[in-house]
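No hydrogens, no waters, no symmetry mates; every other heavy atom, side chains included, goes into these values. The sequence lines fix the lettering, A, B, ..., with proteins before strands; numbering per chain opens at 1. The structure presented is a predicted model; accordingly, all values stated were derived computationally and were not measured.
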Amino acid sequence: MSNPLSAAVIDWFEHNGRDLPWRRDGFTPWGTLVSEFMLQQTPVQRVLPRLEEWLRRWPTPADLAAAAPGDAVRAWANLGYPRRALWLHRAAEQIVDRHGGVVPDDVDALLALTGIGDYTARAVAVFAYGSRHPVVDTNTRRVIARAVHGNAEPAPPRRSDLADMEALLPDDDVEQAEMNAGLMELGALVCTARRPACEVCPIADQCQWLLAGSPPYAGPRRATQKAYEGSDRHVRGLILAALRGSDTVTAETVEGLWPDPVQRDRALAGLIADGLVVPASDASEPCTRYRLP
DNA sequence: TAACCGTGGAC
DNA sequence: TGTCCAAGGTT
């Protein structure tokens, strides 16, 4: 049984959903898992070429687990948040160790893997294996906030988001997966953050926010994100970009990347603590070079 | 739990 | 031009 909202979303998705690699027949669970890692905070269009290259090079978890972590960081290229590359490599090792090299289909087993949280675990379980779970990402939360709750913007993520989505899921196995994917797609293509295209929205006639006259957001202001320019993240990014470009980088080169020695050292120490950078000491010399793990 | 973690495109 | 945003997760 399916409610009017999910029926409209599913019908729209069947006709308007994008032709993306992870929606094609024959795409593997491992491919789904890799794509979900890459899509964490990185736009679809930037993921596509890196995903294709990654899966050609490491078509199974065992292939990635056998590689050096640094190769994963390098192949991650400019997708951002390079810790995800490290975590994906670690998850591949765990899949080999715990699950015989097969991506698990169980949400709890997926949640136990490094770098996998509420969203990714359910996305893999639903999209790779077809089991029935609410999949809630930022798109889903925004559509539900508007269509169901009548708010212009969603509240910060919370556990009740899963129940909200669960309430919208059809019982049918195929339809629940399409509803999960369709609501995300609707948020990505139509019910966008900045300028929602309500004039073409398939659920406009059911949207509580639109029916209320599209009132502006009334909740508390979200914390504005800190400037990237000049931040520690900026410095980390510069150091890592240099390391992606060559096997090793000298301390002298690192010094040339950023003028402030305190911030530079803090960024480098952070990268080392995260396991993204390794001091490569020569046997006869003090540590003056760095490399990827 | 709030802060932290990259990068680039859109406006 | 600076701000916002993007299929989150970890500590």
Within the structure shown, what part of the strands sits under 4.0 Å from [X] by heavy-atom distance: base, sugar-phosphate, or nothing?
| X | answer |
| --- | --- |
| A:Gly117 | sugar-phosphate |
| A:Tyr228 | base |
| A:Asp118 | sugar-phosphate |
| A:Trp76 | nothing |
| A:Thr138 | sugar-phosphate |
| A:Leu240 | nothing |
| A:Ala193 | sugar-phosphate |

Which whole number of Å gives the distance between the [atom1] atom of [N] and that of [M]?
| N | M | atom1 | value |
| --- | --- | --- | --- |
| B:dG8 | C:dT10 | C1' | 24 Å |
| C:dG8 | B:dT1 | C1' | 16 Å |
| B:dA3 | C:dC4 | P | 16 Å |
| B:dC11 | C:dA7 | P | 15 Å |

Is the phosphate of C:dG9 approached by A:Thr120 (side-chain N or O, under 4.0 Å from OP1 or OP2)?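 Yes, such a contact exists.
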Measure from [atom1] on [X] to [atom2] on [N] and round the result to the nearest Å.
| X | N | atom1 | atom2 | result |
| --- | --- | --- | --- | --- |
| A:Phe127 | C:dA7 | CZ | P | 13 Å |
| A:Tyr81 | C:dA6 | OH | C1' | 10 Å |
| A:Met165 | C:dA7 | CE | P | 15 Å |
| A:Asn139 | C:dA6 | CG | P | 7 Å |
| A:Leu183 | C:dA7 | CG | P | 13 Å |

Both A:Ala227 and A:Arg23 contact DNA chain C. Which one's nearest nucleotide lies toward the 5' end? A:Ala227
Identify each donor-acceptor pair in which a side-chain atom of residues 62-70 of chain A lies under 3.5 Å from a protein atom, sequence neighbours left out, and give them as a table.
residue	atom	partner	partner atom	Å
A:Asp63	OD2	A:Thr60	N	3.1
A:Asp63	OD2	A:Thr60	OG1	2.9

I need the residues from [range] with at least one non-hydrogen atom less than 4.0 Å from DNA chain C; give them sorted by number, or say none.
| range | answer |
| --- | --- |
| residues 140-163 of chain A | A:Arg142 |
| residues 82-96 of chain A | A:Arg83, A:Trp87 |
| residues 9-17 of chain A | none |

Which pairs pass salt bridge (charged side-chain N to carboxylate O under 4.0 Å, His left out) with one or both residues in residues 21-37 of chain A, sequence neighbours excluded? A:Asp19-A:Arg24, A:Arg23-A:Glu185
With salt bridge (charged side-chain N to carboxylate O under 4.0 Å, His left out) as the rule and sequence neighbours excluded, what pairs involving residues 89-107 of chain A come up? none
What do the steps show when you test A:Glu14 against A:Ile10 for side chain to side chain contact (heavy atoms under 4.5 Å, CB included), and what is the final call? CA-CA 6 Å; A:Glu14 288 175 346; A:Ile10 290 167; 3.7 Å; yes
Do [X] and [Y] have side chains that approach each other closer than 4.5 Å (heavy atoms only, starting at C-beta)?
| X | Y | result |
| --- | --- | --- |
| A:Leu169 | A:Arg132 | yes |
| A:Trp22 | A:Val44 | yes |
| A:Asp161 | A:Pro154 | no |
| A:Asp232 | A:Gln263 | yes |

Of all of residues 38-53 of chain A, which get a heavy atom below 4.0 angstrom from DNA chain B, listed by number? A:Gln41, A:Thr42, A:Arg46
Under 4.5 Å side-chain linkage, directly or through intermediates, the cluster mates of [X]:
| X | value |
| --- | --- |
| A:Leu111 | A:Val107 |
| A:Phe127 | A:Tyr119, A:Val126, A:Val135, A:Met184 |
| A:Leu210 | none |
| A:Val278 | none |

My understanding is that only one of A:Thr288, A:Ile239, A:Leu238 makes a side-chain contact (heavy atoms from CB on, under 4.5 Å) with A:Val254; could you say which?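 In the set A:Thr288, A:Ile239, A:Leu238, the residue that makes a side-chain contact (heavy atoms from CB on, under 4.5 Å) with A:Val254 is A:Ile239.
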Whether over 12 other heavy atoms sit under 6.0 Å from A:Glu199 CD: yes
Contact boundaries of DNA chain B with chain A (under 4.0 Å, heavy atoms), 5' to 3'?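 Range of nucleotides within reach of chain A: B:dC4 to B:dA10.
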Go through the side-chain N and O atoms of A:Thr248 and A:Arg291 and say whether any donor and acceptor fall under 3.5 Å apart.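 There is no such pair (donor and acceptor under 3.5 Å, judged by atom type) between the side chains of A:Thr248 and A:Arg291.
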Indicate whether the side chain of A:Ser160 and that of A:Arg158 have a donor and an acceptor atom separated by less than 3.5 Å.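 Judged by distance alone, the side chains do pair up.
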So, the side chain of A:Asn180 versus the backbone of A:His133: is there a donor-acceptor pair under 3.5 Å, distance only?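 Flag set: sc A:Asn180 to bb A:His133 pair under 3.5 Å.
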Pick the nucleotide of DNA chain B nearest each of A:Asp232 and A:Arg194; which residue has the one closer to the 5' end?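 First, find each residue's nearest nucleotide; the 5'-ward one identifies A:Asp232.
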Determine whether the aromatic ring centres of residues A:Trp209 and A:His149 are separated by less than 6.0 angstrom. no
